[in-house]
Amino acid sequence: MTHLTALPGTVDAVLITGDIVDRGTAGEYRQARDVLAPLYERYEVLLCPGNHDSRAPYREVLLGGGDDGRGATAPVNEARDVGGVRVVMCDSSIPGRHDGLLAQETLNWLDDTLSAAPDRPAFVAFHHPPLPLGLPYVDAIGLREPDALAKVLARHAHVVAVLCGHAHTAAAASFAGLPLLCAPGIVSTSLLPWEQGPDTSWKTHDTPPALMYHLYEEGRLTSHVRAV
């Protein structure tokens, strides 16, 4: 937060693709709200849930209790227009589980939301990567049924990229013919199999937190990773 709020210039938005808290309690969300407050004073802040989040307290504390009439435990989906693009944030969490799924309700909403602005470049964001990244522990709890998402994305040529979290490492791949960009970890970093020894966990805390800047202009996307 200190790094972002101290930037000499400005950015259009700060996107956090899930795992806002650890155990999903209301107390944690109140703490997160306080920690994020300086960001809200300066930037557009965009959030979507991850596998450590819990929908009801997420809505109650971070969204002021709004549920769009669908109930407190319905998927938390939101679209925002910032900097000339539409950022479509989907809830890939499955309550009580660590793997992910874009429910049919969410896929229908995504399809309708993208159809509503076919001339506006769009970024689709959610927590769980929709393909294996070569990280066995993370891949085992990735997004289920990714083909359903790919079919929706194939209908919308104005989607620029897919943005994810969950992996605890900066990673770049392609999915459904689009760039897939995973944000790095801010607490720990996942290790690839050949980086692990017999006494090594799947992740390390010896690397600095990092973030990824996405620059989109003149139809061109460039991404930069910054260690903090």
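Basis for what follows: all heavy atoms, side chains included, without hydrogens, waters or symmetry-related copies. All values derive from a computational prediction rather than experimental measurement.
The closest donor-acceptor contact from the side chain of His166 to the backbone of Asn51 lies at 3.5 Å or more, if one exists at all. Checked by atom type and distance alone, the side chain of His127 pairs as donor or acceptor with a backbone atom of Thr17 at under 3.5 Å. A donor-acceptor pair under 3.5 Å is formed between the side chain of Arg59 and the backbone N or O of Ala74.
Put simply, the side chain of Phe175 does not reach to within 4.5 Å of the side chain of Pro129, judged on heavy atoms. Within the 4.5 Å cutoff, the side chain of Asp53 has heavy atoms near those of the Val21 side chain. Leu114 places a side-chain heavy atom less than 4.5 Å from the side chain of His158. Under the 4.5 Å side-chain criterion, counting only non-hydrogen atoms from C-beta, Lys151 is not in contact with Leu107.
Follow the hydrophobic side-chain contacts under 4.5 Å out from Val187 and you never reach Val138; the two are in separate clusters. Hydrophobic clustering, with ILVMFWY side chains joined whenever heavy atoms are under 4.5 angstrom apart, keeps Phe126 apart from Ile94.
More than 12 heavy atoms of other residues, nucleotides or ligands sit less than 6.0 Å from atom CD of Glu195. Within 6.0 Å of CG in Leu36 there are more than 12 heavy atoms belonging to other residues, nucleotides or ligands.
Leu221 belongs to a hydrophobic cluster with Leu15, Leu46, Val82, Val85, Val87, Met89, Phe123, Val160, Leu163, Leu181, Met212, Tyr216, Val225, counting contacts under 4.5 Å between side-chain heavy atoms of Ile, Leu, Val, Met, Phe, Trp and Tyr, direct or through other members.
Scanning all heavy atoms of the two residues, the minimum distance from Pro146 to Pro130 falls at CB-O, 3.2 Å. Taking both residues in full, the closest heavy atoms of Arg42 and Leu7 are given as NH2-O, 2.7 Å, listed atom of the first, atom of the second, then distance.
Glu145 meets the side-chain contact (heavy atoms from CB on, under 4.5 Å) test with Leu101; sequence neighbours excluded. Take Pro75 and apply the side-chain contact (heavy atoms from CB on, under 4.5 Å) test, not counting sequence neighbours, and it matches Arg55, Arg70, Asn77, Asp91, Glu105, Thr106.
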